[in-house]
J.: 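Sharing a structure with you now.
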Amino acid sequence: MKTGQSLNSKLLLVVLFCLAILLLFFNLAIDKYSQKEETLFVNELSAATIDSVFNSILSEYSISREQIKKIKPPYKKCDSLAAAYSISIPKDLPVPVLLHEVFNKLNKENTRFNSIEKAINNYSVLEISAAGNLKLYAEFKTDKNLLRENGKLSFALTGVENLNKDELQTLIDFPEFLSLVILPSQKNKDLSAQINTNKKEAILLIDDSIEDSEFKFVKDYSRRRLKISVRLTIGAFQQSKFILIDDQSQIYNSPAFSFLEKEFDVRGGYNLIPLSVFERLDSDTEEKVVEQFRIGTKNLSKTDTRLFLCNMKNFYALLEELRRLQKSGVKIIPLSVALNEYNK
């Protein structure tokens with residue numbers, strides 16, 4: 001009898017243990033489900049938030065309030081909709097760039113984007129939904145009469161000769177049209193050709209540090225010797241009609257400079273541009289370089305073209321600032337184009 005009672009007690013303990021395990025798994029499953037539901041709730045964007053972020057993006061890209069019109073909602077039942085817009089887009093701003101920015105800023109869990117682009121009339125539609133409800137509707141129409149003119153920037157970048165193969169390739173692959181400053185030398189002839197065949201621009205600099213004798217310009221050279229240096233330089237580096245010259249160099253501050261300037265002009269219309277036309281970004285820390293650049297681009301008007309001279313490290317420190325300015329419609333142009341405007 002005692003044996004039967006003992007077996008029953010053991011069986012009861014096993015059953016109770018199994019029930020406890022089942023309850024534990026059940027509670028874990030409930031907790032996990034509850035957490036998932038809570039996460040969805042937290043990540044769901046309100047219509048007001050979506051509308052605010054969307055309009056801040058339009059402002060970043062210099063879309064004025066006059067270009068933004070509120071329209072009637074396209075659907076009858078859309079109580080969740082914050083606003084419906086018709087937006088005129090300037091011709092220099094590709095709509096996909098704007099859509100990509102919207103996606104990056106509002107890409108949250110449970111948020112859905114629907115974009116329809118029609119080639120006819122340059123017309124695009126954007127719908128943003130959250131939790132299955134339409135929150136924002138926008139029509140984009142490219143206006144060929146609109147153009148963002150918020151000024152231009154041009155960069156002359158130094159130190160390219162010191163880059164290794166991988167660093168040079170990274171620079172060449174950079175999407176913007178950059179102008180790279182090099183000294184005339186036999187070694188740099190190949191570098192110049194490589195730069196110019198990859199949608200970048202090699203710009204020569206004449207200063208006192210030139211080592212190759214055929215490209216040297218010394219204040220005590222005779223006119224005949226200066227002519228030889230001019231001819232050899234033009235023959236080896238023919239791409240740009242603009243040549244930079246250090247206005248602290250001996251040749252620049254000597255009577256021989258007027259002859260040198262005339263000789264470059266006579267032999268092909270080459271212009272010698274002093275480095276003093278550039279704003280130098282040469283501070284010793286990235287923070288100071290960025291602050292220098294912000295001051296240099298302050299109050300940039302649509303007719304302004306600002307020229308900057310800096311090394312590679314300082315240029316890379318400016319990338320975030322450059323993206324911000326480009327969003328607003330500021331253009332980065334080749335140095336040769338900027339100097340052509342400067343020379344007029």
J.: Shortest non-hydrogen contact from Ile203 to Ser179?
T.: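 So the minimum-distance heavy-atom pair works out to CG1-CB, 4.0 Å.
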
J.: Go through it in stages, so that I can follow the logic: the residues are Arg294 and Glu321, the test is salt bridge (Lys or Arg N to Asp or Glu O under 4.0 Å), and I'd like the CA-CA distance, side-chain angles, deciding distance and then a yes or no.
T.: CA-CA 8 Å; Arg294 286 174 178 166; Glu321 284 297 307; 2.9 Å; yes

J.: State, with a plain yes or no, whether a side-chain heavy atom of Leu275 is found less than 4.5 Å away from one of Arg280.
T.: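 Yes, at least one pair of side-chain atoms sits under 4.5 Å.
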
J.: Mark yes when over 12 heavy atoms from residues, nucleotides or ligands other than Lys200 sit less than 6.0 Å from its NZ; otherwise mark no.
T.: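 Buried by this count: over 12 neighbours within 6.0 Å.
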
J.: Would you say the side-chain atoms of Asp304 pair up with the backbone N or O of Gly151, donor to acceptor, closer than 3.5 Å?
T.: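 Pair absent, no side-chain N/O of Asp304 close to backbone of Gly151.
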
J.: Check the orientation of Tyr316 and Phe174. Use parallel for under 30°, tilted for 30 to 60°, and perpendicular for over 60°.
T.: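 Answer is perpendicular, since the angle exceeds 60°.
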
J.: So, Lys241 side chain and Asn340 main chain: donor-acceptor pair closer than 3.5 Å or not?
T.: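 Checked: no pair found.
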
J.: Counting only N and O atoms by type, is there a donor-acceptor contact under 3.5 Å from the side chain of Asn253 to the main-chain atoms of Ser249?
T.: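 Yes, because the side chain of Asn253 sits within donor-acceptor range (under 3.5 Å) of the backbone of Ser249.
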
J.: Please determine which of Arg148, Lys327, Lys144 meets the salt bridge (charged side-chain N to carboxylate O under 4.0 Å, His left out) test together with Asp92.
T.: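 Going through the options one by one, the only one that passes is Arg148.
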
J.: Hey, could you give me the CZ/CD1 distance between Phe264 and Ile245, rounded to the nearest 0.5 Å?
T.: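 It comes to 8.0 Å.
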
J.: If you measure from CZ on Arg65 to CG on Leu58, what distance do you get to the nearest 0.5 Å?
T.: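 Answer for the CZ-CG pair, Arg65 versus Leu58, is 7.5 Å.
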
J.: Taking the side chain as C-beta and beyond, is there a heavy-atom pair between Ile182 and Glu161 under 4.5 Å?
T.: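 Yes. Closest side-chain heavy atoms under 4.5 Å.
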
J.: Parallel under 30°, tilted from 30 to 60°, perpendicular over 60°: which one fits the rings of Tyr252 and Phe257?
T.: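 Ring orientation, 0 to 90° scale: tilted.
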
J.: Between the side chain of Lys331 and the main-chain N/O of Gly329, is any donor-acceptor distance below 3.5 Å?
T.: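 Yes, Lys331 side chain to Gly329 backbone: donor-acceptor pair under 3.5 Å.
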
J.: Can you establish whether the number of heavy atoms outside Arg223 located under 6.0 Å from its atom CZ is more than 12?
T.: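 Check fails, neighbour count at 12 or below.
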
J.: To the nearest 0.5 Å, what is the distance between OG (Ser185) and CG (Asp212)?
T.: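 Reported to 0.5 Å precision, the distance equals 5.0 Å.
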
J.: For the pair Gln194 and Asp190, evaluate side chain to side chain donor-acceptor pair (under 3.5 Å) and give the outcome as yes or no after the intermediate values.
T.: CA-CA 6 Å; Gln194 184 181 1; Asp190 291 339; over 6 Å; no

J.: Indicate whether the side chain of Gln67 and that of Ser64 have a donor and an acceptor atom separated by less than 3.5 Å.
T.: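 There is such a pair between these side chains.
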
J.: Is it true that the side chains of Arg225 and Ser229 contain a donor and an acceptor less than 3.5 Å apart?
T.: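 Looking only at side-chain atoms, Ser229 and Arg225 do form a donor-acceptor pair, the distance falling under 3.5 Å.
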
J.: Side chains of Thr142 and Pro94, heavy atoms from C-beta outward: is any pair under 4.5 Å?
T.: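 Not touching, per the 4.5 Å side-chain cut-off.
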
J.: Could you check whether any side-chain N or O of Gln326 sits under 3.5 Å from a backbone N or O of Ile332, counting only pairs where one atom can act as donor and the other as acceptor?
T.: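 Absent.
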
J.: State whether the number of non-hydrogen atoms from other residues, nucleotides or ligands found under 6.0 Å of Lys302 atom NZ is greater than 12.
T.: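 Not more than 12 within 6.0 Å, no.
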
J.: Just how far is it from atom CG of Asp247 to atom CD1 of Ile273, taken to the nearest 0.5 Å?
T.: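 Reported to 0.5 Å precision, the distance equals 11.0 Å.
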
J.: Atom CD in Glu214, atom OG1 in Thr233: separation rounded to 0.5 Å?
T.: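 Glu214 atom CD to Thr233 atom OG1 measures 8.5 Å (nearest 0.5 Å).
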
J.: Please check this pair: side chain of Glu139 against backbone of Ala84, looking for a donor-acceptor N/O pair closer than 3.5 Å.
T.: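 Absent.
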
J.: Donor-acceptor check, side chain of Asp207 to backbone of Asp246, threshold 3.5 angstrom: yes or no?
T.: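 A pair under 3.5 Å: no.
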
J.: Backbone N or O of Ala48 within a donor-acceptor pair of the Ser52 side chain at under 3.5 Å?
T.: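 No: the side chain of Ser52 does not pair with the backbone of Ala48.
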
J.: Identify whether the distance between the nearest side-chain nitrogen and carboxylate oxygen of Glu211 and Lys187 falls below 4.0 Å.
T.: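 Answer for the salt bridge query: no.
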
J.: Using a 3.5 Å distance criterion without hydrogens, assess whether the side chain of Asp143 forms a donor-acceptor pair with backbone atoms of Ser88.
T.: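 Absent.
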
J.: Short question: side chain of Ser192, backbone of Lys189 - any donor-acceptor pair under 3.5 Å?
T.: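 Side chain of Ser192 to backbone of Lys189, a donor-acceptor pair under 3.5 Å: no, none is there.
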
